[in-house]
Amino acid sequence: MVEVRIHGRGGQGAVAAAHVLALSLFREGKWVQAFPHFGVERRGAPVAAFVRFDTQPIELRCHIYTPDYVIILDPTLSGSPVAVEGLKPNGGVLVNSPGQPEELDQLKSFRRATVNASSIALKYGLGTPASPIVNTAILGAFARFSEMVSCESVTESIKELIKRKTEQNIAALRDSYESLRVASVNETETLR
Amino acid sequence: MKALITGNEAVSIAVKLARVEVIATYPITPQTNISEKLSLYCSRGEMDADFIKVESEHSAMATLVGAASTGVRTFTATSSQGLALMHELLHWASGARLPIVMANVNRALGAPWNIWCDHSDSLSQRDTGWLQFYCESCQEVLDTVLIAFRVAETVSTPAMVMLDGFILSHTAEPVDIPEQEMVDKFLPRQKPLAPIDPKDPHTLHAVTGPDYFMEFKEKQYEAARRAEQAAREVSVEFAKIFGRNYPLTEGFMCDDAETVIVAAGTSAGTCRYVVRKLREQGRKVGLMRVRTFRPFPFEEVNSLLAAAKRVAVLDQAVSPGSEGVLFQEVKASLYESAGGRPAVYGFVSGLGGRDIVPEYIEEMIEKVENSGKEKLDRVNWLGLKK
C-alpha cells in the first residue's frame, strides 16, 4: 500500500488533486481511496487531502499519518513541520516552489523535489496571480517523481473530472512533467 | 461498470436505479451532496421522480409518510440534527407500516457543535421501528440501498441505511455500478400493504383504543423480527444477481479466536486490518462486524461469539448514565447463549470524528487480554486526552 498526503490552502485544489490522482491510479487497475481532511474549510486556510492505493482492496479507514509521499501545494507550508510529519524516512516530498530542491534544507532527510507549479498554473491561465490553482500543475511533476502513475492516465482523468479549461489543465500537467527538479542524492543516503 | 465515486454518489445512483418516485430531502452536512445530486437527476429528467422541496427534515418525513401511503416508492436522506428532528415521524412511518427508505450519513449530535462522524444520531433512533443497516464501503452503500428497498417492501417496514460521515460520504473509491435491467429484476414493484385509493376511501391510523392498539404493535413487532429472515433471503438473491454477498453479521477469523472485536461501520475495516496483522504474529483474534443492527441478529451474534474467551465491543455512541449501545445489545445476545459465555468489555471511541487508528484497536485488544475484568470500566474510552 502506498500513501500520499497533499497539503495546501483552501482554493488551491488539494481535494481535486487527490481525486484526479486517485482516478488515474484506478484507471491503471489499482484499488484506491481519495478523501479530504475536513476542517473548517475557508479560502486560504491550510487543508489536507489523502490518497491511498494498493493492488488489493483497502480496509484501513483512518487518516494518513506515515505517508510515502507528501505533496505541498503552497510554498509557505514547506517549512511547516506538520506537512512532513510522519513522512517515511526514505519518503518523497514534492514542493511547489520556484527554488531548487537542495534549498529545502529542513527537508534534507527526505527525497526532495520541486516544481514551479504557481508559475506553470498562471502561464495557462489557471487561477489568479494572488491565488493560482496549482493542482494539475503539480501532478505532472508528481507522476515523474514517483514513477507510480503515468502522465497519460492523469490526462484522461483531467478530461473526465475537470470540465473548465480542460486543455489548459492538460498543458499545465505536461509542462509540470518536464519541469521537475529532483535533489541529487547524497552517497550516504539510501537509494530507493 | 466500475467507477470512482463517493459514498454520497453511491446513494444517489442507487436511488436512481431503484426508480424511486417521490423524494423529499432537506440539506445538511455531510448529506448535502445527496440532495444536490437527486435534485439534479430530477431536474434533468434522468429520474422520473417528484423532488419535493421542504422547509425541514420533519416536513421531509411528513411528506414521505403521505406519499408512501399511496403506495409509491419513496426516499429521503439526512444526518445528525436532521434525523433527530424527524424523530416523531419516524415512529409514525413505522407504525403506519410504510416502506420508506432513508440514507443517514452518520454525524455527531450537538452540543457542542460538530459535523463529523459518530453513530449517536442513528443509534438514538434505535427504538423507532426502522430497520438499520451499517455499511463499511461505498460499494456496500450502493448495494444496501437496493437491498433496503426490497426488505422494507417485503415486511412493510421502513429502513435506514447508514454511511459514516466523510469517511464514506466524501471518500471516493471504486464501485461497481449495476445495470438498470439487473436492478429492475432484483427490485420489482411490490404490492403495497394498504394504499390510499380515492375510489375506495378508508380512514387510516385513526384513533385506536386499548382494545386494538396492542394488536397493531404486536404485528409491527413481528414484521420487524420477520425482517431478519427476509434480509437473509434478499441477500442470497442479491448475491445470485450481482455476485456480492451481505450477511447480517460478518465473522472474520472468528472460528478459533480467543478475542473477538465487535464493530459496525467503517471502523470494522480498520479492525480487520489489525486482526490480519495480529494473526500474522500468531495471535488468536477475530472480528465480528454488525451490519444489521435492526433487526438485531441475536442467534448469529451468539454463534460467532460464544466460543471466544473474551469480546471487545467498539462503540461510536454512548448512552449517558448507562454504557455503549452496541455493547448492550451484544451482552443481551450472549446472556441467551446456551454455549459459552465470554467476558464482554465495552469501549467507546470515534466520537465527533475522532479518527479511529489501528493503535486504538491494538490498545483495546491488549487491555482485554492483559488487564482482566477488575481493571476495566463499564465504558473504556480509547484515545481520550488526559
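The chains referred to below are lettered A, B, ... by the order of the sequence lines, with proteins before strands, and numbering in each begins at 1.
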Undergrad: With a 4.5 angstrom heavy-atom cut-off, could you sort out which part of A/Phe50 is near chain B: side chain, backbone, both or neither?
TA: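 When you check distances to chain B, no heavy atom of A/Phe50 falls under 4.5 Å.
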Undergrad: Considering only heavy atoms and a distance below 4.5 Å, find which of B/Ala172, B/Gly269, B/Pro358 pairs most often with chain A.
TA: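 The answer is B/Ala172.
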Undergrad: Looking only at atom types and distance, does a side-chain atom of A/Thr114 sit under 3.5 Å from a main-chain N or O of A/Gly99, one as donor and one as acceptor?
TA: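 Yes.
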Undergrad: Would you please say whether a donor-acceptor pair under 3.5 Å links the side chains of B/Tyr134 and B/Gln132?
TA: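 A donor-acceptor contact under 3.5 Å links the two side chains.
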Undergrad: If the contact rule is any heavy atom under 4.5 Å from chain B, which residues of residues 22-33 of chain A qualify, in numerical order?
TA: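 Residues A/Ala22, A/Leu23, A/Phe26, A/Trp31, A/Val32, A/Gln33 are the ones that qualify, each having a heavy atom under 4.5 Å from chain B.
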Undergrad: State whether a side-chain donor-acceptor pair under 3.5 Å links A/Ser179 with A/Ser176.
TA: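 The answer is no; no qualifying pair exists.
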Undergrad: What part of B/Ile167 gets closer than 4.5 Å to chain A, counting heavy atoms only: side chain, backbone, both or neither?
TA: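 Both backbone and side chain.
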Undergrad: Tell me, for B/Ser267 versus chain A, whether the close heavy atoms (under 4.5 Å) come from the side chain, the backbone, both or neither.
TA: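 It is neither, since no heavy atom gets under 4.5 Å.
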Undergrad: Is any residue of residues 3-12 of chain B within less than 4.5 Å of chain A by heavy atoms, and which ones?
TA: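 Counting heavy atoms that sit under 4.5 Å from chain A, the residues of residues 3-12 of chain B involved are B/Ala3, B/Leu4.
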Undergrad: Decide, yes or no, whether a salt bridge links B/Lys2 with B/Asp176 under the criterion of side-chain N to carboxylate O below 4.0 Å.
TA: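 Salt bridge: no.
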Undergrad: Report yes or no: does B/Gln81 contribute a side-chain atom to a donor-acceptor pair with the main-chain N or O of B/Gly110 at less than 3.5 Å?
TA: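 Checking the backbone N and O of B/Gly110 against the side chain of B/Gln81, a donor-acceptor pair under 3.5 Å is found.
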Undergrad: For B/Glu136, does its backbone N or O pair with a side-chain atom of B/Glu140 as donor and acceptor, under 3.5 Å?
TA: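 Yes; at least one donor-acceptor contact below 3.5 Å.
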Undergrad: Centre of B/Phe166's six-membered ring, under 6.0 Å away, within 45 degrees of the axis: is that where NZ or CZ of B/Arg107 sits?
TA: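 The answer is no, since B/Arg107 fails at least one limit relative to B/Phe166.
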Undergrad: Give a yes or no answer on whether the side chain of A/Arg5 reaches the backbone of A/Ile64 with a donor-acceptor pair at less than 3.5 Å.
TA: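 Checking the backbone N and O of A/Ile64 against the side chain of A/Arg5, a donor-acceptor pair under 3.5 Å is found.
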Undergrad: Salt bridge (charged side-chain N to carboxylate O under 4.0 Å, His left out) for A/Lys159 and A/Glu156? Distances and angles first, verdict last.
TA: CA-CA 5 Å; A/Lys159 283 183 194 163; A/Glu156 290 307 309; 3.3 Å; yes
Undergrad: Looking only at side-chain N and O atoms, does A/Thr155 offer a donor or acceptor that is under 3.5 Å from a partner on A/Arg174?
TA: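 Yes - a donor-acceptor pair under 3.5 Å links their side chains.
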Undergrad: So A/Tyr69 and A/Phe142, would you call those rings parallel, tilted or perpendicular, with 30° and 60° as cut-offs?
TA: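 Perpendicular: the ring planes of A/Tyr69 and A/Phe142 meet at over 60°.
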